[in-house]
Amino acid sequence: LVFECGKNLALSGVGHIVVLTSGDDEIEDTYHNAELDDLGRAYERAARAEIGHNNGVKEDPTDVLVEFLQRLNPSVGVTKKSRTVLEAGKKMDGSILLSIDRPYSTQKHLNSLCRKCEMPFVSVETAGVYG
């Protein structure tokens, strides 16, 4: 779902997209099983094909997402940052945090971090074929 949401944001012409990464993906992977996410994998495969990364080399999906979004709309800035930016309480003016398919405990944690940074927080989750 992150590739689809990112695509929609980039094509809508938002000024800047920040792809937030975390160091606890091992824990969160137990919540979202990417192997069972056919739609999400299809979007990622399409993004890899679009940017010419179909060579079977294992890449960080966030790097693929950043390059894909930059190619979709070069006038939109796209950067990748660590969650530590939020945890440090740094303000990111004009930013909105979009959390996708994260456990409830992670959503609550991200929401509290966003409140400290005075940043709007939106959380989405897929449920079945129709999301």
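This is a predicted model, so every value here is computed, not measured. These numbers come from the heavy atoms of this one structure, side chains and all, not from hydrogens, waters or symmetry mates.
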task = Report the C-alpha separation of Gln107 and Ser99 in whole Å, then their side-chain angles, then the decisive distance to 0.1 Å, and conclude whether the side chain to side chain donor-acceptor pair (under 3.5 Å) test is met.
result = CA-CA 7 Å; Gln107 293 174 41; Ser99 173; 5.7 Å; no

task = Check the pair Phe3 / Val64 against side chain to side chain contact (heavy atoms under 4.5 Å, CB included), numbers first and verdict last.
result = CA-CA 9 Å; Phe3 281 86; Val64 173; 4.1 Å; yes

ask   = Yes or no on side chain to side chain contact (heavy atoms under 4.5 Å, CB included) for Val2 and Leu65, after CA distance, side-chain angles and deciding distance?
value = CA-CA 8 Å; Val2 70; Leu65 177 62; 3.9 Å; yes

Intermediate values then yes/no, side chain to side chain contact (heavy atoms under 4.5 Å, CB included), Glu87 and His109 = CA-CA 10 Å; Glu87 291 169 346; His109 179 65; 3.7 Å; yes

key: side chain to side chain contact (heavy atoms under 4.5 Å, CB included) between Phe68 and Lys7, intermediate numbers included   = CA-CA 8 Å; Phe68 175 64; Lys7 175 197 73 138; 4.2 Å; yes

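Nearest heavy atoms, Leu97 versus Cys114: CD2-SG, 3.4 Å. Contact detail for Gln70 and Val78: the closest heavy-atom pair is NE2-O, 3.2 Å. When every heavy atom of Leu72 is checked against every heavy atom of Leu11, the shortest pair comes out as O-CD2, 4.1 Å. Across all their heavy atoms, Cys5 and Leu98 have their closest contact at CB-CD2, 3.8 Å.
Here the CZ atom belonging to Arg115 is positioned 11.5 Å from the CG atom belonging to Leu113, to the nearest 0.5 angstrom. We find the CD-CD distance between Glu67 and Glu50 to be 10.5 Å, quoted to the nearest 0.5 Å. For the atom pair CE of Met119 and CG of Asn111, the computed distance is 11.5 Å after rounding to the nearest 0.5 Å.
In this structure, the side chains of Thr79 and His16 come closer than 4.5 Å at one or more pairs of heavy atoms.
A continuous path of hydrophobic side-chain contacts links Ile100 to Leu69 [ILVMFWY only; heavy atoms under 4.5 Å].
Heavy atoms of other residues, nucleotides or ligands lying less than 6.0 angstrom from NZ of Lys80 number more than 12.
No option in Asn8, Asn73, Leu9 other than Leu9 meets the side-chain contact (heavy atoms from CB on, under 4.5 Å) test with Val14.
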